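Down below is the structure, laid out as structure tokens.
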There are 2 protein chains.
Amino acid sequence: MAAKGSGAQSKQSQRIGVSIPPVQEPGSEPPLSLERIVATAVELLDAQGVDGLKMRRLADRLGSGVMSLYWHVANKEEVFDLALDSVLEYRGPPQIVESPSWRGDVVHMLEDWRASMLRHPWSASLLPCRALGPNILSRLELLSKTLSRAGVADADLNVAIWSLWNYVMGATITRASFDLSDDDRAAAQQRLTRLSEHYPTIERSRLLLDNDWDGAFRKGLDFLLDGLAPRQ
Amino acid sequence: MAAKGSGAQSKQSQRIGVSIPPVQEPGSEPPLSLERIVATAVELLDAQGVDGLKMRRLADRLGSGVMSLYWHVANKEEVFDLALDSVLEYRGPPQIVESPSWRGDVVHMLEDWRASMLRHPWSASLLPCRALGPNILSRLELLSKTLSRAGVADADLNVAIWSLWNYVMGATITRASFDLSDDDRAAAQQRLTRLSEHYPTIERSRLLLDNDWDGAFRKGLDFLLDGLAPRQ
DNA sequence: ACCTGAACACCGTTCAAGT
DNA sequence: ACCTGAACACCGTTCAAGT
């Protein structure tokens, strides 16, 4: 299961003394490494979507043979896992003077989470069915700690966390997949208009064109938080 | 784009008079039809998951050559679209005497929606990125109409619908993917315990093992509905 | 109108070597 | 320790026919 080179931490970024910085001669590639593979996988996913990530294409971009990848990585699945987690790092809430409120912290983290996933539209739909990497676990830990300090009882903690997780995931996955296809969406709304006898209400409200996603996200999130941890 | 035989409605289920019911001679298959293809695709997906649906395997089960499928269907994508929508039919709320309350109707529809998707665990993660079929549109229409009658203003209608959609999708996708792998989940929690120095709070609450999914779903849904359409 | 087999252009990955 | 090319066992789909 575990990849051979998984734990390897390439330390070549720690330059010793004043040795020559590794300026890239055009055409000569730096050596393969887990970091380069993951970074390039993210590039590829951003550019071409989930189906665009192929081992051969990845190797091409890295200037190596396909099979070289398999030294650093067990299989394609692991590439997905690593690319996904690499995109979800969290740097914490802005520390302006004093941390304002637990609620502000939670909202910030969840909005940042959503924004991170929307910057990489392939990531949201991948997350639920993949292994939970350290960055995701860190977010959950932070969320849990914050809610706990805010007074949420231990018995209610898991429900609160999963409700928020579910809401964020649903909102982001939907948004990301609608994002991918602006034309498709217009086409869908047109099809809806043609069928307006069957679906008069959603046709009238132009459901498929409405796009205040950010506002809707924030509003629903507030409702959830009101219920989960009432402001006292 | 449109498949050649898409609109075909095989009417052979309407028996004329007392003709012999189509008892299957073992080995002789009924003729191919869109319905049979879709039904078999659902079987295959239920049994083997998303990656288990291959055109060749589907053809095998149907007792036909692979390429025969392409007469009824444009490509594999269309098989997914049709299988998905076929699984999401809604029969409406139980009509016991009087329809109780708009809120009961909404909750019933959304819980039924979730249950339908959980009966076919591959469906939830597929839904957001596929075409909206008639059954899904019907649910959205019903939801919209009910909320509208409940007094939700036109301007707030789309936000309300999408919030609920997002919540249901997120909850179901998460639940379904955790469902797929009971062992994996235990393994993940074990890994978490090993790393408990980094994630003490979620380790202590045994976040990854908690499984009152149904209760959590209902609770969060109530919070959302409270916010979206306050009971007067 | 409906079905078919052969063939094509891909995939991920195994294996047996190379340095 | 790291990289490689040839080969295998698959895929979805095109095409040119068949009935």
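Owing to the predicted nature of the structure, the values given are computational and were not obtained by experimental measurement. Chain letters run A, B, ... following the sequence lines, proteins first, then strands; residues in each count from 1.
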Is any side-chain heavy atom of A/Val42 closer than 4.5 Å to one of A/Ser86?
yes
With a cut-off of under 6.0 Å to the ring centre and 45° to the axis, is B/Arg114 in cation-pi contact with B/Phe217?
yes
Under a 4.0 Å heavy-atom cut-off, which of residues 37-52 of chain B touch DNA chain C?
none
If you measure from the P atom in D/dA16 to the same atom in C/dC2, how many Å do you get, rounded?
22 Å
Looking at C/dC3, C/dT13, D/dC3, which one has an atom nearest to any side-chain atom of A/Ser68?
D/dC3
In which stems does DNA chain C show up, taking only runs of three or more Watson-Crick or G-U wobble pairs whose two distances fall under 3.5 Å?
C:4-8 with D:12-16, C:12-16 with D:4-8
Touch class at under 4.0 angstrom, heavy-atom based, for A/Leu69 against every strand present:
nothing
Describe the nucleic acid contact of B/Leu58 in one word from base, sugar-phosphate, nothing, applying a heavy-atom distance below 4.0 Å.
nothing
Are B/Trp162 and A/Thr174 close enough that a side-chain donor and a side-chain acceptor fall under 3.5 Å?
no
By nearest nucleotide on DNA chain C, pick out whichever of B/Gly65 and A/Lys76 is the more 5' one.
B/Gly65
Closest to the B/Arg56 side chain, choosing from C/dC2, D/dT13, C/dG12
D/dT13
Check for a donor-acceptor pair, side chain of B/Ser177 on one end and backbone N or O of A/Pro128 on the other, with a separation under 3.5 Å.
yes
When we call it a touch if two heavy atoms are under 4.0 Å apart, what does A/Met67 touch: a base, just sugar-phosphate, or nothing?
base
Please state the C1' separation for the pair C/dC15 and D/dC3 - nearest whole angstrom.
14 Å
